[in-house]
Structures are given as structure tokens and as C-alpha cells.
Amino acid sequence: MSKPASGPLYALVDGNNFYVSCERVFRPSLNNRPVVVLSNNDGCAIARSNEAKALGIAMGAPWFKIKHMEDEAGLVALSANFALYGDMSDRMMSLAAGLGPTQEIYSIDESFIDLTGVRGDLVERSHKIRDRILQWVGIPCCVGIGSTKTLAKLANHIAKNAERKPGSYPARLAQVCNLAAMTPQELKETFAATEVGEVWGIGRRISKQLQDGGIHTVQDLIELDSATLRRGWSVVLERTLRELQGTPCIDLDHTPAAKKEIACTRSFGRAVTELEPLKEAITEFASRTAEKLRKQHSLASQVLVFIRTSPFRPDAQYSRSLTVPLRRPTADTALIVHAALMGLEAIFRSGFKYAKAGVMVLDLQSDTVVQQELDLEDDNGADKTRLMSALDTINQRYGKGTMKIASAGLAGSRRVWSMKQERRTPGYTTCVDDIPVARA
DNA sequence: TCTGGGGTCCTAGGACCC
DNA sequence: TCTGGGGTCCTAGGACCC
């Protein structure tokens with residue numbers, strides 16, 4: 001029964017319809033109803049309940065195109081509450097970690113667990129962890145197991161579909177699917193029942209190209225040789241194929257590396273035409289990137305700023321970015337804001353309806369590599385660092401934006417560019433005022 | 001009226017160098 | 001008439017992920 005695992009083995013634990021499931025924990029009345037969570041600006045659907053999927057709502061569907069289902073089908077839409085989801089994620093991850101010795105948190109709702117050498121019945125063990133997460137946190141999960149990360153991802157997809165669409169796969173694969181325990185024949189049948197586009201790393205574009213070439217299922221793909229894929233596509237797809245064939249090419253990464261670039265970009269609540277409000281927005285975005293930069297203890301050498309019109313509108317289009325080099329690597333809000341504003345002035349053209357803007361910091365390095373300060377007229381580096389950490393402390397304690405750079409605009413003045421969020425739920429676990437109260 | 005945000009990696013092509 | 005080859009670096013753009 002419990003035959004010892006030979007070779008590497010990975011599990012992927014993934015929350016079902018994660019953002020929707022988080023909302024349902026605090027509003028059980030949303031159970032069994034079509035629910036979507038909307039992106040920033042209430043732009044499009046970024047999470048869908050099974051019932052919403054059954055209505056044919058696609059991932060990323062624009063809200064204004066599906067809004068009619070509110071009345072027609074009882075669809076409920078909520079603005080994203082990322083602080084809540086982050087907190088629920090932490091709770092789920094700490095329980096998922098119990099599945100094996102090491103964990104890689106891959107995204108807000110997914111983590112890989114290294115099961116190599118773990119003894120016992122892995123399917124039974126996975127069901128236990130799954131049940132515990134459901135009971136203690138309230139989030140339903142599925143677990144996929146395979147000898148590579150790509151196979152574990154695929155197994156997870158199968159576990160989800162076996163549960164959601166009865167008949168798509170054998171019912172025993174629902175919730176937990178272990179590809180590594182299948183016979184070659186079972187494996188072949190399972191792969192033949194799975195579309196090639198479901199594979200991790202094969203998106204819409206490559207999926208279409210493969211289908212046009214007669215490759216429809218995972219089984220079709222697996223039978224190809226890697227040289228063909230490398231010639232026709234790239235080394236990335238070749239690696240995916242080798243992973244599907246059971247050769248691990250992607251290792252578990254349990255110590256996430258520092259980010260190589262950090263961005264803050266937003267679509268506006270409505271079109272912006274003037275330079276002044278753009279300056280406010282860019283000041284705010286640049287301040288946020290500087291903050292994130294300090295949080296991961298990095299310094300940036302370049303600042304990229306961009307502005308663009310909406311590609312969805314018939315208006316005149318304009319899209320430009322500019323990379324501004326910094327005199328030396330820094331995480332100083334004032335310097336990064338200054339560089340971003342210089343960039344903005346250079347690329348701004350009047351006469352356009354701007355829909356989106358953003359700031360990125362690039363070419364990052366660790367702040368432990370101390371830069372020797374040679375300029376005599378600017379020798380207050382240590383004071384600046386203390387000023388920045390004071391700024392971060394104040395904003396952390398009293399709330400985002402309590403203290404900021406003057407060009408960000410006063411909080412009281414109406415900011416024409418700020419985003420829409422009309423359907424936001426309370427911060428049940430992240431804001432004291434919103435903690436649910438139990439009544440007898 | 002209304003179409004997200006934040007990342008990573010790879011490739012192709014041009015500039016430049018010897 | 002004939003007009004190299006190879007390496008590196010940079011950038012823009014594409015594709016993917018959640």
C-alpha cells in the first residue's frame with residue numbers, strides 16, 4: 001500500500017476560486033450563488049465561483065459586459081479586498097505547509113510542497129490537510145501530486161475538474177489527484193482527456209499554434225520529441241515537455257529571491273487630460289515603489305515612467321515610457337519621485353485622454369552594498385535613510401498616505417484619477433472596526 | 001460611462017567592438 | 001568584382017504566470 005516514493009515528488013495545494021472563497025467565509029449567504037470578485041477600478045472579473053463559471057463568465061471578463069447578469073441570474077459582484085485575501089492566504093499557507101518538509105509559496109493561493117521521501121499514503125495525507133484547511137480557515141482546496149512541478153500543477157487541475165465537472169475525470173480523482181500513483185494506461189487516458197492549453201506554461205497563443213498543428217491533448221504533446229518543440233517554439237516549451245515526461249527541470253524554490261523590478265501602475269477611474277493630476281498620480285506611484293523598495297532592502301538605479309491612453313477607446317492613441325537613470329542607486333522617495341516627474345514632463349503630450357500610468361524601478365541591488373558617498377554637497381545620506389524609515393513607520397502605524405510628498409496632492413482635494421471601488425466588503429480580519437461581531 | 005496589476009523569462013535585432 | 005565573423009550588451013516586444 002504505502003510503497004516508498006522513488007525520485008522527486010511534488011504537491012501543489014491550491015485554493016478553489018480563492019478570492020470568492022475568502023468572501024464566502026464571512027458571508028455564507030454567497031454560497032451556491034454566482035459570485036465574481038472584480039479587479040481594481042471594478043474593471044473586470046478576476047475570480048469566479050463555480051456558479052459564475054457555469055454562467056459562462058470568462059476570466060478577465062469586463063464588468064460592464066456581464067453586469068446584466070446581476071438582474072438576470074442573481075450574479076453578485078464584489079470589489080477586490082486584497083488586504084483580506086492576503087491575511088486568509090497566510091492562514092491557509094501555514095496549514096498547507098504541514099503536508100511535507102519544505103514549501104514554496106508560489107502565489108497568493110498556491111504553494112508547492114516537496115514530498116520527496118515522505119512515507120505513507122500521500123492521497124490520504126493530502127485529504128487530511130485539505131479537510132483541516134477547510135475546517136480551520138474555511139477555504140476549499142485541491143491537491144495535485146506529481147514527479148515534477150508541471151505534473152503537480154496538472155494533477156491539481158484534474159482534481160479541481162473532477163470535483164467541479166462530474167464525468168470529466170473519474171470521481172475518485174476529485175479534490176486530490178496523484179499522477180505519480182497511476183499506471184501507464186491510466187496516465188495515458190487521463191492525459192488524452194486533458195486539453196493541451198491546461199498545461200502550466202502553455203497559454204492562449206501557443207495553445208492555438210499547437211492545436212493548428214494537430215496537437216490537441218496533453219497526450220498528443222507528450223508524444224512529440226523535444227527537438228521539434230525547441231525548433232518550432234522555444235527552450236521554454238521544450239522544458240515544459242520534459243517536465244510532463246517526468247524529468248524535473250524546475251526546482252522547488254523555498255527562499256524567494258529579491259524582486260528584480262518593482263512596479264506601481266493604475267488605471268484611472270476616469271480619463272485624465274491635464275498634466276497636474278498626472279503629476280499627482282505619478283508622485284503617488286513613485287512613492288509606493290520607493291516604499292516597496294525599502295521593504296525588500298533594495299536600491300534602484302533606474303526609474304521608468306509611462307502614460308497611455310485606453311486601447312479600448314476609439315480616441316487618438318498615445319503610449320510612451322521613459323527610463324530615467326538615477327545618479328546613484330537609491331531608495332529615497334524624494335529622489336525617485338523627482339526622477340519620475342522629470343520623465344513624465346518629457347513624455348507628456350496634451351490633447352490625449354490618459355487612461356493609465358505607472359512607475360517602475362529597475363536595475364535593483366541590495367542596500368547592504370554600501371555606496372561610498374563622495375559628493376561633499378550631499379553628505380547627509382544617513383539622515384535621509386532615517387527620514388525614510390520614519391516615513392515608513394508613520395505610514396504603517398497611522399495608515400497609508402498619512403505622510404507623503406507634497407506633489408501627491410492633498411487628501412482633501414478631489415483626486416480626479418483615483419480608482420473606483422464601489423463594492424468593497426469590510427476588512428473582516430485586517431481592520432479592527434470591521435471585525436465581525438457575534439451576537440447571541 | 002465602464003476592459004487590473006505585478007511579475008518573469010526569452011528572443012530578435014541593432015550597435016558596437018576587435 | 002570583391003565587402004568577415006564572432007562576441008556582448010542593450011532594448012523592445014512577446015509570451016507566460018497568477
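By convention in this document, chain letters (A, B, ...) are assigned in the order of the sequence lines, proteins followed by strands, and residues within each chain are numbered from 1.
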**Report entry** For chain A, the stretch of DNA chain C it reaches, first to last nucleotide, under 4.0 Å of its heavy atoms
**Finding:**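 With heavy atoms of chain A under 4.0 Å away, the range is C:dA15 to C:dC18.
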Requested in this report: Give a yes or no answer on whether the side chain of A:Ser319 reaches the backbone of A:Arg308 with a donor-acceptor pair at less than 3.5 Å.
Outcome: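 Judged by distance alone, no pair lies under 3.5 Å.
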Ignoring hydrogens and angles, state whether a donor on the side chain of [X] or [Y] is under 3.5 Å from an acceptor on the partner side chain.
X	Y	result
A:Glu104	A:His254	no
A:Thr116	A:Asp114	yes
A:Glu51	A:Ser49	yes

**Report entry** Residue pairs passing the side chain to side chain donor-acceptor pair (under 3.5 Å) test where at least one lies in residues 128-138 of chain A, sequence neighbours excluded
**Finding:**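 Applying side chain to side chain donor-acceptor pair (under 3.5 Å) to every pair that reaches into residues 128-138 of chain A, excluding sequence neighbours, yields nothing.
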Under 4.0 angstrom, heavy atoms only, what part of the nucleic acid is [X] near: base, sugar-phosphate, or nothing?
X	result
A:Asp109	sugar-phosphate
A:Leu38	nothing
A:Ile262	sugar-phosphate
A:Glu110	sugar-phosphate
A:Lys153	sugar-phosphate
A:Val37	nothing

Show the atom names and distances, to 0.1 Å, of all donor-acceptor pairs under 3.5 Å that link a side chain in residues 193-206 of chain A to residues at least two apart or in another chain.
unit_1	atom_1	unit_2	atom_2	d
A:Thr194	OG1	A:Tyr169	OH	2.6
A:Thr194	OG1	A:Thr190	O	2.8
A:Trp200	NE1	A:Tyr106	OH	3.3

Query raised in the report: Just the dot-bracket of DNA chain B, please: which string comes out with Watson-Crick or G-U pairs under 3.5 Å, [ ] for crossing, | for another strand?
Result: ....||||||||||||||
Query - Nearest-nucleotide comparison on DNA chain B, the residue closer to the 5′ end among A:Arg239 and A:Met59 - result: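 Looking at DNA chain B, the more 5' nearest nucleotide goes with A:Met59.
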Report task. Starting from the 5' end of DNA chain B, give me the residue, A:Lys67 or A:Thr265, whose nearest nucleotide shows up first. Result ->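 Taking each residue's closest nucleotide, the earlier one in sequence belongs to A:Lys67.
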Contacts table for residues 348-356 of chain A: side-chain donor-acceptor under 3.5 angstrom, sequence neighbours left out:
unit_1	atom_1	unit_2	atom_2	d
A:Arg349	NH1	A:Ala346	O	3.3
A:Tyr354	OH	A:Arg349	N	3.3
A:Tyr354	OH	A:Arg349	O	2.6

Requested in this report: Apply the side chain to side chain contact (heavy atoms under 4.5 Å, CB included) test between A:Asn50 and each candidate in A:Asn32, A:Asn17, A:Val20, A:Val35; give the one that qualifies.
Outcome: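 Testing A:Asn50 for a side chain to side chain contact (heavy atoms under 4.5 Å, CB included) against A:Asn32, A:Asn17, A:Val20, A:Val35 leaves exactly one candidate, A:Asn17.
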Query raised in the report: Who passes salt bridge (Lys or Arg N to Asp or Glu O under 4.0 Å) against A:Lys188, sequence neighbours left out?
Result: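 Applying salt bridge (Lys or Arg N to Asp or Glu O under 4.0 Å) to A:Lys188 gives none.
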